[in-house]
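Atoms within each ligand, like the ligands themselves, are counted from 1 in listed order. All values below were derived from every heavy atom in this structure, side-chain atoms included, with hydrogens, water molecules and symmetry-related copies excluded.
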Amino acid sequence: MKNQQIKLIKRPFGKVTFDCWNLENSLVPEPNSGEVLVRNAFISIDPAMRGWMNEGKSYIKPVALGDTMRALTVGKVMESKSEKFKTGEWVSLGGGVQNYVSLPESEITKIDTDFCEPEVYLGTLGMSGLTAYFGMLDTGQPKAGETVLISGAAGAVGAVAGQIAKLKGCKVVGIAGGSEKCKHVVENLGFDACVDYKEDKLRNQIKEVCPDGVDVFFDNVGGEILDTVLTLINKKARIIICGAISQYNEVRPTGPKNYLSLLVNRARMEGIVVFDNYKNYASAIDQMKVWIKDGYLSTPMHIMTGGVPAFPEALNQLFAGKNTGKMVLEC
Ligand SMILES: NC(=O)c1ccc[n+]([C@@H]2O[C@H](COP(=O)([O-])OP(=O)(O)OC[C@H]3O[C@@H](n4cnc5c(N)ncnc54)[C@H](OP(=O)(O)O)[C@@H]3O)[C@@H](O)[C@H]2O)c1
């Protein structure tokens with residue numbers, strides 16, 4: 001058995017190029033006492049990975065040059081030197097872009113694959129869903145009858161954020177790239193409308209479907225989209241800065257020019273990091289399971305094949321918007 005690993009060997013300048021990565025083979029690690037050997041089955045492909053490749057201060061340490069790329073994964077226990085885990089159990093973990101990993105029992109969580117497919121624990125029941133849950137409910141505080149706008153609406157976080165706002169009785173509008181994605185957002189996710197930012201006149205398109213203005217904006221994209229929405233917010237609006245994927249490959253990211261709209265509208269713009277809520281993950285997952293079971297929350301997945309060697313291509317495809325739903329790499 002060999003362990004294929006993707007190592008970060010160069011920091012990108014702008015877009016990620018293939019020469020940032022090296023595919024290496026190593027031996028399958030032996031678990032020490034208290035450790036569990038896991039065979040990763042699915043690797044989460046996340047926009048945040050772009051940030052982890054950069055040097056400098058952030059909410060988490062950068063991946064060091066020469067290290068295996070950081071990634072959340074789900075997989076099966078192959079060998080356990082822990083009382084808490086048995087061979088064959090499914091778990092979620094920070095398993096990295098590789099086939100096998102040995103980790104201490106404290107860094108591994110059991111998942112219930114009778115309830116849903118294991119990869120859903122990387123999407124709606126994983127970091128993406130939790131980000132949407134806490135960002136929308138705690139920071140967005142949507143109230144029935146309000147208008148909630150969501151960028152990146154066809155993606156992993158955006159899809160869940162919108163469905164939660166719908167559950168709270170809001171009018172929910174998405175922003176996504178292309179007519180196919182917009183159709184999916186309305187027909188499969190139940191949003192009231194979705195506008196295509198790749199078409200002209202985004203501001204007019206939003207105004208048309210949000211005639212009463214925007215009360216909550218859940219922003220995954222940043223850049224020009226954020227700037228445009230700032231001109232359409234209502235008094236006391238809440239803007240959740242969840243991410244800014246349009247800026248991650250920019251050498252000099254640009255901030256919003258229209259920020260004075262926050263002053264005029266006594267509005268609030270707040271950044272969120274999902275990890276701050278870790279103590280409440282279990283209760284949020286329990287709640288989302290109920291919504292899934294009752295048919296209120298769908299869990300679209302975008303599964304790429306090709307195993308560990310396909311990781312560099314998968315990450316590029318995420319930034320090119322090839323995914324609808326949560327992108328994972330099967331390995
Ligand atoms: N704060 C936190 O704790 C936290 C946690 C998880 C994720 N996030 C953030 O949440 C956001 C969404 O993450 P996700 O995992 O759900 O990804 P995702 O939305 O599933 O996938 C990324 C999507 O971004 C869109 N995109 C790519 N480049 C773009 C551009 N230049 N302008 C506009 N849209 C662009 C593409 O959709 P289109 O085809 O529609 O363009 C693509 O499908 C990211 O910004 C991520 O960093 C934050």
Undergrad: I'd like the name of whichever of Ala176, Gly271, Gly155 reaches closest to atom 19 (O) of ligand 1 through any heavy atom.
TA: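 Answer by nearest heavy atom: Gly155.
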
Undergrad: Report yes if Lys322 has an N/O atom closer than 3.5 Å to an N/O atom of ligand 1; otherwise report no.
TA: no

Undergrad: Is the shortest N/O to N/O distance between Ala156 and ligand 1 below 3.5 Å?
TA: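 Min N/O separation from ligand 1 is below 3.5 Å for Ala156.
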
Undergrad: Has ligand 1 got any nitrogen or oxygen that is less than 3.5 angstrom from a nitrogen or oxygen of Lys326?
TA: no

Undergrad: For atom 48 (C) of ligand 1, state which one of Cys242, Pro300, Gly243 supplies the nearest heavy atom.
TA: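 Among Cys242, Pro300, Gly243, the closest heavy atom to atom 48 (C) of ligand 1 comes from Cys242.
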
Undergrad: Taking heavy atoms and a distance under 4.0 Å, where does Val157 meet ligand 1: side chain, backbone, both or neither?
TA: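 It is both backbone and side chain that touch ligand 1.
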
Undergrad: If the contact criterion is a heavy-atom separation under 4.0 Å, does Met327 count as touching ligand 1?
TA: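 Met327 does not count as a contact of ligand 1 under the 4.0 Å cut-off.
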
Undergrad: Would you check whether Lys181 has a nitrogen or oxygen atom less than 3.5 angstrom from a nitrogen or oxygen atom of ligand 1?
TA: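 For ligand 1, there is an N or O atom that lies under 3.5 Å from one belonging to Lys181.
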
Undergrad: How does Asn220 reach ligand 1, if at all, at less than 4.0 Å between non-hydrogen atoms: by side chain, backbone, both, or neither?
TA: both

Undergrad: Using salt bridge (charged side-chain N to carboxylate O under 4.0 Å, His left out) as the criterion, point out the one residue from Lys168, Lys171, Arg238 that pairs with Glu146.
TA: Arg238

Undergrad: What protein heavy atom lies closest to atom 4 (C) of ligand 1? Include the residue and the distance to one decimal.
TA: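 Result: Thr131 CG2, 3.5 Å.
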
Undergrad: Have a look at ligand 1 and work out which part of Phe275, if any, has a heavy atom under 4.0 Å from it: side chain, backbone, both or neither.
TA: neither

Undergrad: Look only at interatomic distance and state if Ile241 has a nitrogen or oxygen under 3.5 Å from any nitrogen or oxygen of ligand 1.
TA: no

Undergrad: Look at atom NZ of Lys15 and say whether more than 12 heavy atoms of other residues, nucleotides or ligands are closer to it than 6.0 Å.
TA: no

Undergrad: Is any N or O atom of Tyr197, backbone or side chain, closer than 3.5 Å to an N or O atom of ligand 1?
TA: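 Yes, since at least one N or O of Tyr197 sits under 3.5 Å from an N or O of ligand 1.
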
Undergrad: Work out which heavy atom in Arg11 is nearest to a heavy atom in Cys20; give both atom names and the distance.
TA: C-SG, 4.4 Å

Undergrad: Considering the options Leu329, Val120, Leu72, Ile303, which one meets the side chain to side chain contact (heavy atoms under 4.5 Å, CB included) requirement together with Phe42?
TA: Ile303

Undergrad: Measuring from the heavy atoms of Ala244, does anything fall under 4.0 Å of ligand 1?
TA: yes

Undergrad: Which residue supplies the protein heavy atom nearest to atom 22 (C) of ligand 1, what is that atom called, and how far is it?
TA: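 The answer is Ile245 CD1, 3.7 Å.
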
Undergrad: Pick one of side chain, backbone, both or neither for how Thr324 approaches ligand 1, counting any non-hydrogen atom pair under 4.0 Å.
TA: neither

Undergrad: Heavy atom of Tyr59 under 4.0 Å from ligand 1?
TA: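 Judged by the 4.0 Å heavy-atom criterion, Tyr59 does not count as contacting ligand 1.
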
Undergrad: Tell me whether Ala154 reaches ligand 1 (any heavy atom closer than 4.0 angstrom to a ligand atom).
TA: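 It does not; every heavy atom stays at 4.0 Å or beyond.
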
